[in-house]
Amino acid sequence: MAEATYDRIGIGYRDIRGPDPRIAARLEAALGDARTVLNVGAGTGSYEPVGRQVTAVEPSEVMIAQRPPGAAPVVRGRAEELPFEDDSFDAAMAIITVHHWDDPGAGIAEMARVARRRVVVLTFDPPPLREHWLVRDYVPGLYDAHVEMVGSIEAVTEALPGARVEPVPMPRLCEDAFWCALWDRPELHLDPGVRRASSGWHRIEAEEAERGLAALRADLESGAWDERYGYLRTTPELDIGLRLVVGHVSGG
């Protein structure tokens, strides 16, 4: 369950997983003129939009405790059982959280039920991650863990008929430091605090992680990583499978 996951990995989460303004701008545009917004699986509130009336739903007390002063009011609850009436909000959003839900289809159906205009979901379509250098050369189990968690984008779009799917390239020096966003900063993968804030690392065998990280450390020290991938340090953006799904609903 999501609360169990984040009660385990959420310690210090807000220090690592801050909002990236370039991703936030895409979310703001997708929300359009929505005035009231429900943020489902809200965590520490990283991507909650400003200038709108936001209500947050989050199952983990560890994550709720890290919400900053002045953050949107938060209700402890699960996506699959939202404690709101039909058509309570102009829009509902879920940001990099669907893969932690017990039943993503049911959770998105609930979002559509409580939203009058649109549902906005930021999630992953795993295939591009197969070519991520960390997966290909060092820790292949991260891809399998990601597929196991995320499934496919169809799990989201099937629950939102007619939704549009937009690629969201991951920007260089992304401020939201989940593991696949660090494609341009390999050294950060060696930081256990950074790894703790990404659920993928918690789903692979410790032996594989240790072996891959030792190889990465050696390649960084020898310069082998930069010989192969140094160009990524100055690449503006990279498609790692992050997708924005926007579905329009007809509220009452």
Side-chain angles (χ1 to χ4, degrees), residues 1-7 10 13-14 17 19 23-24 26-124 149-151 153-165 199 243-252:
M1 295 177 69
E3 58 265 41
T5 298
Y6 277 103
D7 284 347
Y13 189 91
R14 184 165 170 252
R17 298 294 303 274
I23 296 174
R26 293 290 300 272
L27 297 171
E28 286 278 1
L31 288 170
D33 61 356
R35 183 180 62 85
T36 57
V37 179
L38 180 67
N39 185 18
V40 182
T44 63
S46 289
Y47 287 100
E48 287 171 0
V50 298
R52 306 177 196 254
Q53 184 179 332
V54 179
T55 301
V57 173
E58 168 59 39
S60 168
E61 291 285 5
V62 170
M63 300 295 276
I64 290 172
Q66 296 177 69
R67 294 175 66 83
V74 60
V75 175
R76 190 175 186 193
R78 301 170 59 248
E80 296 89 346
E81 298 177 297
L82 295 175
F84 306 102
E85 299 294 329
D86 295 359
D87 307 326
S88 293
F89 305 91
D90 292 332
M93 59 184 273
I95 309 305
I96 313 181
T97 178
V98 171
H99 54 284
H100 292 301
W101 299 356
D102 293 335
D103 187 339
I108 293 170
E110 275 286 271
M111 292 174 68
R113 178 183 66 79
V114 304
R116 288 185 290 267
R117 300 182 189 173
R118 69 197 65 182
V119 172
V120 175
V121 177
L122 188 66
T123 188
F124 285 95
M149 284 191 296
V150 177
I153 198 74
E154 283 75 21
V156 177
T157 57
E158 285 175 3
L160 288 173
R164 72 175 187 269
V165 180
S199 54
R243 299 292 183 261
L244 182 64
V245 183
V246 182
H248 294 272
V249 295
S250 299

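This one's a predicted model, so the numbers in the text were calculated from it and none came from an experiment.
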Open item on the list: Tell me whether Arg117 contacts the main-chain N or O of Gly32 through its side chain, where contact means a donor paired with an acceptor under 3.5 Å.
Closed with: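 Side chain of Arg117 to backbone of Gly32: no pair is present.
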Task: Check: Arg118 side chain, Ala30 main-chain N or O, donor-acceptor pair, under 3.5 Å - done: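 It does hold such a pair.
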Measuring only between side-chain heavy atoms, which start at C-beta, is [X] closer than 4.5 Å to [Y]?
X	Y	value
Glu80	Glu110	no
Asp102	Arg78	yes
Pro49	Met93	yes
Leu38	Ser88	no
Tyr47	Asn39	no
Pro104	Val156	no

Shortest non-hydrogen separation from [X] to [Y] and the atoms involved:
X	Y	value
Ala34	Ala91	CB-CB, 3.7 Å
Val57	Gly77	CG1-O, 3.4 Å
Pro19	Ser46	CB-O, 2.9 Å
Ala163	Val245	CB-CG1, 3.8 Å
Gly41	Glu58	C-OE1, 3.5 Å
Ala72	Arg67	O-NH2, 3.0 Å

Task: Spatial distance of atom OG1 (Thr123) from atom CD1 (Ile95) [nearest 0.5 Å] - done: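 Rounded to the nearest 0.5 Å, the OG1-CD1 separation comes to 10.0 Å.
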Open item on the list: Taking side chain to side chain contact (heavy atoms under 4.5 Å, CB included) as the criterion, tell me which of Ile23, Val246, Val98, Thr97 meets it with Leu122.
Closed with: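 Filter result, single survivor: Ile23.
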Open item on the list: For Arg52, run the side chain to side chain contact (heavy atoms under 4.5 Å, CB included) check against Asp33, Thr36, Asp90, Leu31 and tell me which one passes.
Closed with: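 Result for side chain to side chain contact (heavy atoms under 4.5 Å, CB included) with Arg52: Leu31.
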Open item on the list: Between Asp87 and Arg116, does any side-chain N to carboxylate O distance fall below 4.0 Å?
Closed with: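 So Asp87 does not pair with Arg116 through a salt bridge.
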Task: Sequence-distant partners of Glu154, side-chain hydrogen bond (donor to acceptor under 3.5 Å, both in side chains), two or more places apart - done: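 Here the qualifying residues are Ser152.
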Open item on the list: Enumerate the ring pair (Phe, Tyr, Trp, His ring centres under 6.0 Å) contacts for residues 60-93, please, sequence neighbours excluded, ordered by first and then second residue.
Closed with: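 Qualifying pairs, neighbours excluded: Phe84-Phe89.
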